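A short worksheet on the structure shown next.
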2 protein chains.
Amino acid sequence: MDENEKLELCESECIHEDIVRFVQAKLQPAGDYEELANLLKLFGDPTRVKLLHALEQHEMCVCDLAALLGVTKSAVSHQLKLLRMSNLVKSRRKGQNVFYNLADDHVRQIIDKGFEHLWE
Amino acid sequence: MDENEKLELCESECIHEDIVRFVQAKLQPAGDYEELANLLKLFGDPTRVKLLHALEQHEMCVCDLAALLGVTKSAVSHQLKLLRMSNLVKSRRKGQNVFYNLADDHVRQIIDKGFEHLWE
DNA sequence: TTAATAGTTGAACAACTGCTCAACTACTCA
DNA sequence: TGAGTAGTTGAGCAGTTGTTCAACTATTAA
């Protein structure tokens, strides 16, 4: 179903067609919102967002993070895997430890904007 | 259980205590991460993030959004309620229509950072 | 006042998510 | 090599979430 069909099939009749078409033209392809949601979803869990904020402060190994967050190493490792798959964190092994770091500065920026919204 | 107890009770023994305490001191109170996660969670659904990105382009009524997203007015209204409760959107009634707008610029900034991360 | 359209709400359900547990691999040191 | 610690993984589950449906309220126009 293309975008025009969606407009026609809609249950409603109050649609401001000119505006809807204007906005439609500015939106990204549907798949982009899927990807974006899958990325931003990772910030939507208290454990994960605390974990990310912690890694903003200093690189840490899985044990450190588990202690800091008060959850098992397994739980941390599961979350880190998701974050790694979305390129939010990167890891480096040093002996028995695997140290985790933020992959780039976007994490910090998103978390900062979130806190700004809450605090302002 | 305070933060020191968490450290002591942890199953692991490899903890880098100095680093963990250093990071601990920089973290926010636990409740802040709950709030932050509840906020950012709203960006973690394709329908909602598309809706927000659409409102970035122009204010729209519920019918317009339903047509644009290809979902029912009910679904849109449920989502808008969540977004309103978190001060991400605001509404104004004009006759039979209720027009929705972004409440401030944080939405745009968070979505932009998300797309940046995906595209860079 | 009545009919019509816009929008909201609560219940119910299917799909998803984050945790724990147990079993596994990886590395180190004696 | 073998024991010990760090980390990963998959299954299973309890709790959560996004949608639809049906019933409701709000506003307008005749």
Side-chain angles (χ1 to χ4, degrees), chain A residues 9-17 19-20 33-34 37-52 59-86 89-101, chain B residues 9-17 19-20 33-34 37-52 59-86 89-101:
Chain A
L9 287 171
C10 177
E11 51 175 326
S12 308
E13 287 128 39
C14 75
I15 299 165
H16 305 84
E17 281 202 31
I19 293 178
V20 173
Y33 296 103
E34 291 282 344
N38 282 334
L39 174 71
L40 295 176
K41 191 178 293 182
L42 295 170
F43 295 82
D45 172 72
T47 302
R48 263 191 319 253
V49 81
K50 186 172 180 182
L51 192 159
L52 289 169
E59 78 167 2
M60 275 178 285
C61 70
V62 177
C63 276
D64 293 342
L65 289 164
L68 194 58
L69 303 177
V71 297
T72 61
K73 287 183 294 181
S74 174
V76 170
S77 185
H78 277 297
Q79 302 294 15
L80 286 169
K81 185 179 187 180
L82 295 177
L83 298 173
R84 228 183 315 118
M85 288 193 306
S86 288
V89 305
K90 60 191 179 200
S91 62
R92 96 190 146 81
R93 184 175 272 278
K94 186 176 182 186
Q96 278 174 296
N97 289 302
V98 177
F99 288 94
Y100 281 86
N101 271 287
Chain B
L9 287 171
C10 177
E11 50 175 328
S12 308
E13 287 127 40
C14 75
I15 299 167
H16 306 83
E17 282 200 29
I19 293 178
V20 173
Y33 296 103
E34 292 280 346
N38 282 333
L39 175 70
L40 295 176
K41 189 179 295 183
L42 295 171
F43 295 82
D45 172 73
T47 301
R48 262 189 320 253
V49 81
K50 187 172 179 183
L51 192 160
L52 290 169
E59 80 167 1
M60 276 178 285
C61 69
V62 177
C63 275
D64 291 342
L65 289 164
L68 194 59
L69 303 176
V71 298
T72 61
K73 288 183 294 181
S74 173
V76 170
S77 185
H78 276 299
Q79 302 294 15
L80 285 169
K81 185 179 188 180
L82 296 176
L83 298 173
R84 228 182 317 119
M85 290 191 307
S86 287
V89 304
K90 61 189 178 202
S91 62
R92 96 190 146 82
R93 184 176 272 277
K94 186 177 181 186
Q96 277 173 296
N97 290 117
V98 178
F99 287 94
Y100 280 87
N101 272 286

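Predicted model, so just to flag it, every value in this text is computed and none were measured. Chain identifiers are assigned alphabetically (A, B, ...) following the order of the sequence lines, protein sequences preceding nucleic acid strands; residue numbering begins at 1 within each chain.
- B:His16 has its NE2 atom 15 Å from the P atom of D:dT5, to the nearest Å.
- To the nearest 0.5 angstrom, A:Asp64 atom CG is 6.0 Å from B:Ile19 atom CD1.
- Map B:Lys94 and B:Leu82 each onto its nearest nucleotide of DNA chain D; the residue landing nearer the 5' end is B:Leu82.
- Here C:dA6 is the nucleotide among C:dA6, C:dT9, C:dT17 with the atom lying nearest to any side-chain atom of B:Lys73.
- Closest approach to the B:Asn97 side chain among D:dC21, D:dG7, C:dG7 is made by C:dG7 (side chain taken as heavy atoms from C-beta onward).
- For the OP1/OP2 pair of C:dG18 and a distance below 4.0 Å, the side-chain nitrogens and oxygens of A:Arg48 include at least one atom meeting the criterion.
- The interatomic distance linking B:Leu69 (CG) with D:dT20 (P) rounds to 11 Å, in whole Å.
- Between the CG atom of B:Leu80 and the P atom of D:dG18 there is a distance of 13 Å, rounded to whole Å.
- For D:dT5, the base has a donor-acceptor partner in the side chain of A:Gln96 [N/O atoms by modelled type, under 3.5 angstrom].
- Note on B:Tyr100: a side-chain N or O is less than 4.0 Å away from OP1 or OP2 of C:dT8.
- Going from atom CG of A:Asn38 over to atom C1' of C:dG18 covers 16 Å, rounded to whole Å.
- Taken from CZ in B:Arg84 to OG in B:Ser77, the straight-line distance is 6.5 Å, to the nearest 0.5 Å.
- Atom CZ of A:Arg93 is separated from atom C1' of D:dT5 by 11 Å (rounded to the nearest Å).
- With rounding to whole Å, A:Leu83 atom CG is found 13 Å from C:dG18 atom C1'.
- Rounded to 10 degrees, the angle separating the terminal helix axes of the helix from C:dT1-D:dA30 to C:dA30-D:dT1, each built from five base pairs, is 30°.
- Here the SG-CD distance, from B:Cys61 to B:Gln96, works out to 10.5 Å after rounding to the nearest 0.5 Å.
- In this structure, the nucleotide among C:dT8, C:dG18, C:dA26 sitting nearest to the side chain of B:Arg84 is C:dT8.
- In terms of heavy-atom proximity, B:Lys50 sits nearest to A:Tyr33 at CA-CD2, 3.7 Å.
- Between the side chain of A:Ser74 and the base of C:dC19, no donor-acceptor pair of N or O atoms lies under 3.5 Å.
- Counting all heavy atoms, side chain and backbone alike, B:Tyr100 lies closest to B:Val62 at CE1-CG2, 3.8 Å.
- Shortest non-hydrogen contact noted between A:Leu65 and A:Leu51 is CD2-CG, 4.3 Å.
- The side chain of B:Thr72 places no N or O atom within less than 4.0 Å of a non-bridging phosphate oxygen (OP1 or OP2) of D:dC21.
- One can place NZ of B:Lys41 at 13 Å from C1' of D:dG18, the figure rounded to the nearest angstrom.
- Under the rule for a side-chain hydrogen bond (donor to acceptor under 3.5 Å, both in side chains), A:Arg93 has no partner lying at least two apart in sequence or in another chain.
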Would you mind writing out the side-chain donor-acceptor pairs for residues 37-48 of chain B within the sub-3.5 Å range, not counting sequence neighbours?
unit_1  : atom_1 : unit_2  : atom_2 : d
B:Asn38 : OD1    : B:Lys41 : NZ     : 3.3
B:Asn38 : ND2    : B:Glu34 : O      : 3.3
B:Asp45 : OD2    : B:Thr47 : N      : 3.2
B:Asp45 : OD2    : B:Arg48 : N      : 3.1
B:Arg48 : NE     : B:Leu42 : O      : 2.9
B:Arg48 : NH1    : B:Gln79 : OE1    : 3.0
B:Arg48 : NH2    : B:Lys41 : O      : 3.3

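- No hydrogens or angles were tested; on distance alone, nothing pairs the side chain of B:His78 with the base of C:dG7 as donor and acceptor under 3.5 Å.
- In this structure, A:Lys81 does not reach the D:dT8 phosphate: none of its side-chain N or O atoms is under 4.0 Å from OP1 or OP2.
- Look at NZ on A:Lys50: it is 16 Å from C1' on C:dG18, rounded to the nearest Å.
- Look at A:Gln79 and you won't find any side-chain N or O under 4.0 angstrom from OP1 or OP2 of C:dT17.
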